[in-house]
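Data first, discussion second: the structure below is written as structure tokens.
Letters go in sequence order (proteins before strands), and every chain restarts at 1.
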Protein chains: 2
Amino acid sequence: MNGRAGGPVTIGAMESSSTTPGGSARREATRQKLYEAAVTLIAEQGFSATTVDEIAERAGVAKGTVYYNFASKSVLFEELLRHGVGLLTASLREAAERTAREGGSRVDALDAMIRAGLVFIDRYPAFTQLYVAELWRTNRAWQSTLLVVRQQAVAVVEDVLREGVANGEFSEEIDVPLTAAALVGMVLVAALDWQSFQPERSLDEVHAALSRLLQGRAGGHR
Amino acid sequence: MNGRAGGPVTIGAMESSSTTPGGSARREATRQKLYEAAVTLIAEQGFSATTVDEIAERAGVAKGTVYYNFASKSVLFEELLRHGVGLLTASLREAAERTAREGGSRVDALDAMIRAGLVFIDRYPAFTQLYVAELWRTNRAWQSTLLVVRQQAVAVVEDVLREGVANGEFSEEIDVPLTAAALVGMVLVAALDWQSFQPERSLDEVHAALSRLLQGRAGGHR
DNA sequence: GTTTTTGAACTGACTGGTCAGTGCAAAAAC
DNA sequence: GTTTTTGCACTGACCAGTCAGTTCAAAAAC
């Protein structure tokens with residue numbers, strides 16, 4: 001019943017994390033199942049249109065279990081958000097560090113992060129959908145959670161840009177926050193478009209197109 | 001009560017259009033009010049979380065009037081989408097044509113379209129929010145409408161890219177559909193981020209940052 | 001024996017959609 | 001030029017259905 005093909009869409013792992021320090025293994029497994037059920041349903045239908053009964057049914061647990069494990073539908077959603085973005089930032093940071101370790105330039109680091117972003121989106125398309133759909137809303141309960149979560153992800157990109165400016169690799173004229181936002185947006189939207197409207201393309205093709213754009217070989221080839 | 005400052009957020013004008021060929025002036029005015037009310041509410045809360053009562057109240061009409069003018073809540077939303085994207089594509093196309101008329105290159109055309117996109121988003125932030133939030137959802141009633149509407153907007157960008165490849169201005173290696181999607185995404189996300197998280201920046205600053213990125217002056221300055 | 005899950009019943013608030021009826025400006029009848 | 005009729009646009013109370021969240025006794029897992 002997964003809109004998209006592919007194996008189990010595990011959003012979790014990410015160790016026990018801050019969510020519940022002393023959760024038993026069994027409980028953690030139940031939460032995991034609930035995350036997975038919730039992420040796909042909410043991505044498809046949106047938060048409000050998704051019922052708790054649906055989530056419980058898809059996770060294969062009783063409705064009471066949802067409320068035994070989470071205080072409310074909103075809380076379940078917020079913890080899900082934190083969970084997923086933790087994974088993403090870890091993956092981005094890892095890519096940047098690996099590049100640095102291997103003596104690559106900052107452009108190489110950005111390129112590696114683009115790929116890491118694409119891999120993440122390819123693996124957890126539902127999470128990405130849901131994130132984009134909710135990020136720019138206003139007046140919602142979890143607005144503050146989203147703000148933190150966004151800052152975490154964008155900060156990784158900003159760091160690399162700043163390092164590049166510091167070591168002279170990038171022009172000092174670049175606007176770090178805006179450029180970081182634009183880069184994240186480019187990857188996010190290109191990837192979602194790929195998944196939704198051009199699923200026949202390979203990850204490498206998408207990566208190549210974005211890489212070219214990053215290095216300015218689209219506007220005026222040389 | 002408009003989340004953002006500024007004058008009346010008229011999404012309409014766009015002449016009588018195809019929606020209702022023989023609508024009376026009064027009726028058209030009512031529909032316009034309903035569009036304006038719906039676009040901000042749905043952008044803030046999402047489609048499902050927005051009630052028809054709310055829309056009616058904000059528009060200053062009775063609930064029955066909504067159903068007198070639109071078959072259902074979904075139909076109101078679909079017509080709203082078509083309405084807004086019509087405006088956007090018209091604006092993008094106009095920018096591209098103006099540039100061509102003035103003898104600019106295709107890069108100039110892309111640049112002009114970026115600015116036109118930013119101006120549009122600045123003027124109708126709610127519509128943009130709503131569009132992004134709903135575009136990549138699956139299994140929704142208006143999925144087909146969105147597909148058409150997206151294709152319209154992206155096609156304008158693709159056309160310019162193709163022309164650029166044809167006249168040798170762009171490398172033949174560029175992947176037109178993917179690059180177009182990435183460009184649109186870059187503008188969309190950068191603009192939304194600007195509005196939501198960096199509202200102190202001016203349109204010119206945002207435009208400059210995106211322009212630089214387009215011309216590759218971010219990755220490897222020259 | 002303690003923790004976790006189950007599953008079904010229940011509540012109270014809310015929602016999309018309906019419909020009989022109102023207001024009113026222009027046309028028709030006189 | 002006054003009265004009557006027409007029908008479009010709008011109204012808002014109402015209804016049937018839905019949903020988040022609660023409760024709890026009993027079973028299952030640990």
Per-nucleotide protein contact string for nucleotides 15-23 of chain D (B base, S sugar-phosphate only, - none; heavy atom under 4.0 Å): ----SBBB-
- prompt: Hey, is CD on A:E94 packed in by over 12 heavy atoms from elsewhere, all under 6.0 Å?
  reply: yes
Below 4.0 angstrom from OP1 or OP2 of [N], is there any side-chain N or O of [X]?
X: B:N69; N: D:dA9; answer: no
X: B:Y68; N: D:dC10; answer: no
X: B:T65; N: D:dA9; answer: no

statement: Here the distance between atom C1' of C:dC14 and atom CD of B:E57, to the nearest Å, is 15 Å
- request: Take atom CD of B:E28 and atom C1' of D:dC8, then tell me their distance rounded to the nearest Å.
  value: 15 Å
Are the charged groups of [X] and [Y] less than 4.0 angstrom apart, N to O?
X: B:R162; Y: B:E158; answer: yes
X: B:R58; Y: B:E54; answer: no
X: A:R115; Y: A:D204; answer: yes

Nucleotide opposite C:dT6 in a Watson-Crick or G-U pair, distances under 3.5 Å: D:dA25
query: What does D:dC30 pair with, Watson-Crick or G-U, if both distances are under 3.5 Å?
result: C:dG1
- request: Working to the nearest 0.5 Å, report the span between CD of A:Q151 and OG1 of A:T89.
  value: 12.0 Å
- request: Run the ring-centre check on A:F127 versus A:Y35 and record whether the distance is less than 6.0 Å.
  value: no
